[in-house]
Q: 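First the structure, which I've put down as structure tokens, then a few questions once you've had a look.
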Amino acid sequence: MIGKIKFYFRKMLDLGGTTRAKIFILLTFIGMVSLIFAIIADVILGENLAEILVLVSTILVVPIITIVAVKKDKVQLGASVIAAGIVFGIVPVVFLFGGGLTGGGIIWFVFTYLYIGIILVGKFRVIMLTALTVMISALYTIGYFWPHLLPLHVHFAWYLDSIVSILLVGLAVYFMVQIQYRLYLEESEKAKAQAKKIEELNQAQNRFFSSMSHEIRTPINTIIGLNEMTLRETVSDEVAENARSIQAASKILLSLINDILDMSKIESGKMDIVKVQYDVSKMLSDIVSMTLIRANEKGLKFIISVDPSMPSQLFSDEVRIKQILINLLNNAVKYTNSGYVALSVHCTKTDAGKALVTYSVEDTGIGIRKESMPHLFDAFRREDEEKNRYIEGTGLGLSIVKQLVELLGGTISVNSVYTKGSTFVVSIEQEIADESIIGDFDSNKVNRIKDAHRYHQSFEAPDARILVVDDNATNLLVVKKLLKDTKMQIDTADSGEKCLNMTLLHRYDLILMDHLMPKIDGVECFHAIKDQDGGLCKKTPVVALTANAGGENQAFYKREGFDEYLVKPVDSTELENTVRRLLPPDIVKATDEKSEEYESDSIVREIRKKVPIAITAESVADIPAELVAKFNIPIINFKINVSGGIFYDTAEAGSDAVVRCMQDDKAVAKTEPPSVEEYEEFFSEQLTKAQHIIHISMAKHISGAYANACEAALAFYNVRIIDSAQLSSGIGILVLYAKELSESGLLDPDVIVEKIEEKKEKIRSTFVIDTTNYMYKSGHISNRMHKLCDAFMLHPMMTMNRSSIGVAGLWGGGIDKAREKYRQKLFGNPDDVDKSVLFITYSGIKRADIEDIKEDIEEEISFEKIYIQKACPSVSINCGPGTFGLMYSRK
Ligand code: ADP
């Protein structure tokens, strides 16, 4: 019987596909069962007929609405209709006809709240909840103030109605909670099973990829290895050309496989970061040797600059850092046709005693369009497709690089000027494993660079005897051939067992061991050699030579005790270098003097030290030359167009000459801000000396400078533009403040920008001008204002407000009087003035007059520093001769 009930119950639930539909059916079911009992109780008690009729019709209508709603997949609509029926129909009827405050109906209100809370969603739930609350409050108010309007229950009916209602509502609530809990358990079991399945799928996918990687690497190893042999032999030009094409194609194939594997690993969250202690010089040398060959093939110069104060040993994921840099350097070579490719490495110590290493990869290549910058790191996205269609690539490289940098907790940014070149900057914080510094970096000490076309073995060791273990005969052949010219005696073993037999017979100088072999695998064999009774090779260095790529493998082999780890397809130079390093030095004879020569003229070593943050400004900032020089502030010049000839502000056109020219009525002088291209050039030049730029520009509504600078900055991740909202030396004050911040050891450019933004609100840039002619001509003053000033010989005081210039006062009479009034107006409340610095900036006024003004000011208010600065030509042109301004900051 119970089994049957359960069966039908399940069947009923199965009507609803979703969990919500199931809950809807259940609520209706529980509600209806409770209602049947309630009706029976009402009949026994002889309740009002209207109430009984409403309840009976509810029992008939609600199940129909429920079934139709579930079948039509309109649960929300069905539930809303039922809820509305309950709130506006059943609730008032049960209360008004079922005994008011003395009836059991009020207990059913709780059930209604629960129904709305569980089944309704969104704004309808809020509406119904509000309606129910209002309805109940209204009914209670009626019940309290006008009880005589309602048919109240006698004591016994009150008791019976209440107890039946409490029991029914209680049980209904209990079942609803129970069933919901069970449904929740069922769903979470399902979710767990699903997660397990996904996990299993992921694992299968990973196994598939790693075995694919292994399987594909093995034949590529043969192709690359044997092709290398063809290249080494004296063959005809045509054959050599073909072999070089095979070499290039197999390398592309290999990098493609690596990229796809890495991408899939990253996407499935399986890209593990394996941190190990590594030698910085060795890692950089490896990178240099790999890039140099490619750069030379394209006739590019390769510049390397390594901070001599770098720690010699760091602790991080060496394999991934190498991958990031090689990827960026390969791109730099790929997208550069002439000029150079540069790698600079710098290090700063963090407060936590770690090393913040910044790697910059710079090229003079095709550059990246500004509109491409936001998508540069998207997977499968290649920019400038039309132009780059002959350059091989998948668009995966930068996406992988970015994700690897993020996994390592670092940052990456790009600065690029289209057609001029790009700089990728990667910063990664790493632990210091050895404090000793690397000093002058010399890749020669560690590695020998080979000539890709004319192979020449780097050493010979006829007395050395080595053993190569691999179950794949071609792999054995490849290694043997690649090392043939070193004249070593090379034995091979095609299984672990054979290897163990041979280590009993000979004392090898080195063993190269494959990992995946049937029966005894490479790792087991390695340990067996080390523990072999009567074995002659217990102390022999062993190199893992495997097709299992990935940083986690390097750590694995290191942990197991292998001396080195090489990935197949093995790079012949790397193989030769590794063997040479591990052989006893007394049996190795170097033969590679020639390649040193080759290297010395193709690598340029430089020491480039970049400042963390440069503060830059425009010539209109009116900063005294001595301060520009002292604080080393790069300035970009505005231009002056005088009667058709263009001069650069300050650099070519002095202020006095311009003032003279302006006094000549026929001459037309206009100022022009730097163009977008000029800003781009300026920023890219500054970024060779600084890691970040904060450029403080003239108030944005006064000239096009700010807009041009912002547009140019789109090409650079590391350039921030600030609208100073000031003029002339007002900008200068902000620049000097920013410079002070950047020199105070504050390294976060965003924090500096925040502080500059706060400071700029406090600076006052004002001028009193002699005549409005010039401001009117340059469009900064309206015709009406100009005419007014002209007619009544008024001298206006100009001030900055929200990056625009406006008139803040007008004084009649002589200009001297106006200047006096201006000074009094500004310094009326000296307590409000920040007394650290004052700029007196002027144009076309005698120096002696300005000195007088300075003395007057000093009598009233003592500034720590007062600078007298002739306004630059651009400012003079806009304001005219006879202008002077007092610029300072408020407290
Ligand atoms: P790809 O395989 O196409 O080189 P990447 O993800 O490495 O893929 O780079 C994405 C795109 O970014 C490239 O197609 C290229 O347009 C652009 N790019 C990357 N590095 C440089 C660079 N150094 N100079 C110019 N463009 C670059």
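Indexing begins at 1, ligand by ligand and atom by atom, following the structure's order.
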Q: Any nitrogen or oxygen of S399 lying under 3.5 Å from a nitrogen or oxygen in ligand 1? Just yes or no.
A: no

Q: Does K275 count as lying over the ring of F315, i.e. NZ or CZ under 6.0 Å from the six-ring centre, within 45 degrees of the axis?
A: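 That pair does not qualify as a cation-pi contact.
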
Q: Please verify whether a non-hydrogen atom of F424 lies at under 4.0 Å from ligand 1.
A: yes

Q: Going by the atom numbers of ligand 1, which of them fall below 4.0 Å from some non-hydrogen atom of K334?
A: 1 (P), 2 (O), 4 (O)

Q: Going by the angle between their ring planes, with limits at 30° and 60°, are F716 and F683 parallel, tilted or perpendicular?
A: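 Judged by the thresholds at 30° and 60°, the geometry between F716 and F683 is perpendicular.
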
Q: Quick check: does I366 get an N/O under 3.5 Å from an N/O on ligand 1?
A: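 N/O-N/O distance under 3.5 Å: no.
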
Q: With atoms numbered from 1 as shown, which atoms in ligand 1 lie under 4.0 angstrom from a non-hydrogen atom of G397?
A: 5 (P), 6 (O), 7 (O)

Q: Is the shortest distance from a heavy atom of S422 to ligand 1 less than 4.0 Å?
A: yes

Q: Measure centre to centre between the rings of Y359 and H346, then say whether the value is under 6.0 Å.
A: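 No - the distance between ring centres of Y359 and H346 does not fall below the 6.0 Å cut-off.
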
Q: Any N or O on L376 sitting closer than 3.5 Å to an N or O of ligand 1?
A: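 No, no N or O pair falls under 3.5 Å.
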
Q: Less than 4.5 Å apart, any side-chain heavy atom of K298 and any of N337?
A: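 A side-chain contact exists here, since the closest heavy-atom pair is under 4.5 Å.
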
Q: Check whether N637 reaches the backbone of S619 with its side chain - one donor and one acceptor, N or O, closer than 3.5 Å.
A: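 Side chain of N637 to backbone of S619, a donor-acceptor pair under 3.5 Å: no, none is there.
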
Q: Using a 4.0 Å heavy-atom threshold (strictly under), name the region of V401 that reaches ligand 1: side chain, backbone, both or neither.
A: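 It is neither part, as no heavy atom is under 4.0 Å.
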
Q: Distance under 4.0 Å to a non-hydrogen atom of L398: what atoms of ligand 1 satisfy this?
A: 5 (P), 6 (O), 7 (O), 9 (O), 10 (C), 12 (O), 19 (C)

Q: With heavy-atom distances below 4.0 Å as the criterion, list the atoms of ligand 1 near G367.
A: 25 (C)

Q: Step through the shown structure and confirm whether more than 12 heavy atoms of other residues, nucleotides or ligands are within 6.0 Å of NZ on K481.
A: no

Q: With under 30° as parallel and over 60° as perpendicular, where do the rings of Y557 and F562 fit, or are they tilted in between?
A: perpendicular

Q: Ligand 1 and N327, any nitrogen or oxygen pair closer than 3.5 angstrom?
A: no

Q: Looking only at atom types and distance, does a side-chain atom of R294 sit under 3.5 Å from a main-chain N or O of L329, one as donor and one as acceptor?
A: no

